[in-house]
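Worksheet: one structure, shown below.
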Amino acid sequence: PVNANIGWISYALVAIVGEDPDSVERLNAILHDYRAHIIGRMGLPCRQEGLSLISVAVCAPGDVISALSGKLGMLPGVSAKTAYAKTVTE
């Protein structure tokens with residue numbers, strides 16, 4: 001299925017591991033920039049270990065999902081991996 005304005009629509013889950021507290025503000029700013037595509041978000045602070053585990057469910061064209069994951073992964077002390085659904089929708 002194709003949306004004439006934006007192309008194929010995919011569902012994906014972006015898993016984020018944050019280990020640098022100095023990157024939190026920028027990480028949140030990036031997620032805010034992509035808020036139109038975010039279906040839901042769950043964050044789990046692991047205070048004793050000094051890291052955060054965040055999952056973000058998104059519905060967007062593949063290039064938008066890729067750009068989001070790439071921007072997150074470029075932040076210092078942040079790792080981001082994306083799992084895509086095998087089906088797409090209009």
Side-chain angles (χ1 to χ4, degrees):
V2 174
N3 180 311
N5 296 323
I6 54 177
W8 294 92
I9 302 297
S10 299
Y11 288 89
L13 184 65
V14 182
I16 305 163
V17 177
E19 300 180 81
D20 185 349
D22 294 333
S23 293
V24 171
E25 188 174 330
R26 184 67 189 126
L27 187 151
N28 283 323
I30 292 169
L31 293 178
H32 180 78
D33 291 344
Y34 285 84
R35 68 189 175 279
H37 305 288
I38 294 175
I39 300 168
R41 171 182 171 178
M42 179 178 63
L44 302 169
C46 300
R47 290 181 182 91
Q48 189 172 12
E49 292 80 8
L51 56 90
S52 297
L53 305 174
I54 304 166
S55 62
V56 180
V58 293
C59 175
D63 59 337
V64 172
I65 297 170
S66 238
L68 169 61
S69 184
K71 288 178 183 180
L72 293 169
M74 288 190 289
L75 294 173
V78 175
S79 298
K81 300 293 179 188
T82 305
Y84 289 86
K86 291 186 179 189
T87 58
V88 292
T89 63
E90 292 184 51

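Start at 1 with the first residue, then count along the sequence.
- For the residue pair A80 and G73, the shortest heavy atom distance occurs at CB-N, 4.1 Å.
- Under a 4.5 Å side-chain heavy-atom cut-off, the cluster of Ile, Leu, Val, Met, Phe, Trp and Tyr residues that includes I16 is completed by V14, L27, I30, L31, Y34, I38, I54, V56, V58, V64, I65, L68, L72, L75, V78, Y84.
- Interatomic distance, S10 OG to K86 NZ, rounded to the nearest 0.5 Å: 13.5 Å.
- At least one donor-acceptor pair closer than 3.5 Å links the side chain of S23 to the backbone N or O of P76.
- One finds the CZ atom of R35 at 3.5 Å from the NE2 atom of H32 (value rounded to the nearest 0.5 Å).
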For side-chain contact (heavy atoms from CB on, under 4.5 Å), just list the numbers for S66 and T82, CA-CA rounded to whole Å, side-chain angles, deciding distance to a tenth of an Å, and then say yes or no.
-> CA-CA 8 Å; S66 238; T82 305; over 6 Å; no
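- Heavy-atom contacts from other residues, nucleotides or ligands closer than 6.0 Å to CD of E25 number 12 or fewer.
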